[in-house]
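Counting begins at 1 with the first residue of the sequence.
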Amino acid sequence: MPLPRSATASIGRRLCLRYVLRVFVVVLCAVVTPTRCTEPRWHLMAASAWAESGGLPDVKHDARADYVGDDGCRSCHADKVESFHQTAHYLTSSVPDEKSILGSFAAGNNLLKTANPNLFFRMDERHTNGKAEFFQTAVAGTPPHTSERAEQFAFVIGSGGKGKTYLYWNDDLLFQLPVSYWRDLGWVNSPGYRDGFANFDRPIIPRCLECHATYFESLPPPVNQYSHAGFALGIQCEKCHGPGREHVRREATKAADSSGSGILNPARFPRGRQMDLCAWCHAGHGDALLPSFSYQPGEPLEKYIRRPQPDPNAPPDVHGNQVEMLRESRCFQASELTCLTCHDPHASQHDLAEFSRQCLNCHKPSSAIFSKPDHPVSNNCIDCHMPRLETNMIVFDWQGKSVRPQIRSHWIKVYATTASR
């Protein structure tokens with residue numbers, strides 16, 4: 001049974017029609033109310049949430065010319081850059097190679113069998129002019145009457161702490177590959193994919209890339225069309241510090257007339273703006289109000305992304321809702337705690353004892369807020385008061401069962417399973 005790309009073309013035709021209709025509406029509005037042209041960012045606001053659904057294209061900002069990349073920071077901040085490049089933020093997207101993909105391409109270890117006896121996936125490594133290329137191949141049918149569809153790995157998404165998923169190009173459209181890798185399981189069906197089906201047609205929208213890359217130039221319609229040259233992988237320095245060209249210029253010339261450093265320091269932001277910067281990617285998907293990648297650190301996030309009010313009867317999921325969970329914590333509400341209180345964004349942190357020392361800065365054993373009198377002083381407050389919980393946002397259909405990875409909760413509290421400890 002052949003595995004055609006026809007679904008991709010069908011998606012493009014439908015999104016194109018929607019785009020034409022919406023552009024007509026926007027042009028009509030501009031003619032009727034031309035004064036909007038003088039309002040700040042009026043052309044960006046017209047895009048609104050439509051950019052995420054295949055409507056108006058994301059606007060390419062001229063300000064991208066003001067970005068210098070991590071190499072522009074390295075000359076003065078080499079130690080910081082090298083340390084940062086070991087973090088999950090920086091490693092959250094990359095080009096494919098034997099190190100970044102994680103899963104094995106060796107014969108016998110490169111297969112994913114499915115619930116369909118007539119379908120399996122094979123991971124292939126090929127070499128062209130000495131360069132390694134990596135492919136996922138769906139093999140359908142029974143020998144000798146089989147058909148194959150192979151797509152090449154274009155990007156690796158995920159730092160690898162838990163797992164990774166992969167994207168491929170179909171011309172200038174980005175899609176998710178049907179097989180991902182999970183450290184505890186090996187090769188698995190990508191999250192949300194049905195076991196036993198060869199699905200190559202899940203488009204990658206800009207909002208997903210916004211949290212896994214520094215920049216992608218979006219060119220809709222359709223919604224998953226991007227420039228092959230206009231992207232910057234990983235979360236780089238300027239994602240949080242803003243464009244650095246002016247800072248580099250000032251430092252290089254030591255201009256006497258310069259006021260300020262020309263760069264943003266999130267540690268000096270007001271508490272709300274600090275939390276907004278982290279909430280950009282750690283408070284859920286939300287609904288885009290302005291095009292993806294247009295948010296600037298230090299600005300109110302609510303201008304760019306509308307986040308629905310959480311259901312008070314439904315606790316936020318541990319995946320992508322760390323900021324919302326932290327805000328529910330009494331520790332946050334009774335202090336000036338921010339994400340930076342515990343997290344050094346320039347370093348890879350895994351030492352629970354180090355995090356626990358932050359807890360003991362407030363919860364001193366001799367103080368009234370140190371739990372029960374007989375509660376032992378521990379070098380691991382985290383596993384009890386911020387336990388790993390299963391997420392419902394990432395579900396693998398694997399070997400006939402649903403598998404949900406565990407992610408660290410950021411709702412700091414006494415949990416029922418640990419209250420008696």
Side-chain angles (χ1 to χ4, degrees), residues 8 52 58 70 84-105 112 121 123 125 132-136 151-170 172-193 199-218 223-236 239 280-286 288 292-293 317-322 348 391 393-398 403-405 407:
T8 300
E52 300 294 0
D58 281 296
D70 283 4
F84 176 66
H85 281 194
Q86 308 306 312
T87 67
H89 277 127
Y90 179 76
L91 298 172
T92 195
S93 62
S94 58
V95 295
D97 57 35
E98 292 177 344
K99 181 179 178 180
S100 66
I101 291 175
L102 289 185
S104 174
F105 286 77
L112 173 64
F121 293 94
M123 314 309 137
E125 179 178 349
E133 297 176 335
F134 305 89
F135 296 81
Q136 281 188 15
E151 298 293 353
Q152 184 175 352
F153 287 69
F155 300 111
V156 177
I157 302 297
S159 65
K162 299 178 179 64
K164 298 197 176 192
T165 196
Y166 313 101
L167 313 183
Y168 78 93
W169 287 111
N170 179 358
D172 52 3
L173 305 179
L174 268 182
F175 294 89
Q176 184 180 24
L177 285 166
V179 178
S180 296
Y181 184 87
W182 202 251
R183 281 192 177 273
D184 295 336
L185 305 175
W187 296 112
V188 297
N189 295 293
S190 291
Y193 282 58
N199 181 6
F200 285 85
D201 299 321
R202 175 178 286 180
I204 299 300
I205 65 173
R207 179 66 179 131
C208 292
L209 293 173
E210 188 174 32
C211 292
H212 286 281
T214 296
Y215 180 67
F216 263 80
E217 182 184 350
S218 182
V223 67
N224 60 324
Q225 183 169 235
Y226 304 92
S227 165
H228 274 257
F231 61 84
L233 297 177
I235 303 302
Q236 300 184 21
K239 185 85 168 186
W280 188 10
C281 294
H282 292 282
H285 185 279
S292 295
F293 298 102
D317 191 271
V318 287
H319 175 263
N321 283 304
Q322 290 89 348
S348 180
T391 174
M393 301 295 290
I394 303 176
V395 182
F396 295 109
D397 193 357
W398 181 73
V403 180
R404 294 171 172 80
I407 298 175

[X]: what forms a side chain to side chain contact (heavy atoms under 4.5 Å, CB included) with it, not counting sequence neighbours?
X	value
T165	I157, Q176, S180, S190
S159	A88, L91
D97	K99, S100
N199	Y193, D201

Can you list the residues that meet the ring pair (Phe, Tyr, Trp, His ring centres under 6.0 Å) rule with [X], with sequence neighbours excluded?
X	answer
F134	F105
H89	H282
Y166	F153
Y181	W187

Which residues share a side chain to side chain donor-acceptor pair (under 3.5 Å) with [X], sequence neighbours left out:
X	answer
Q86	none
Q152	none
D317	T391
N321	none

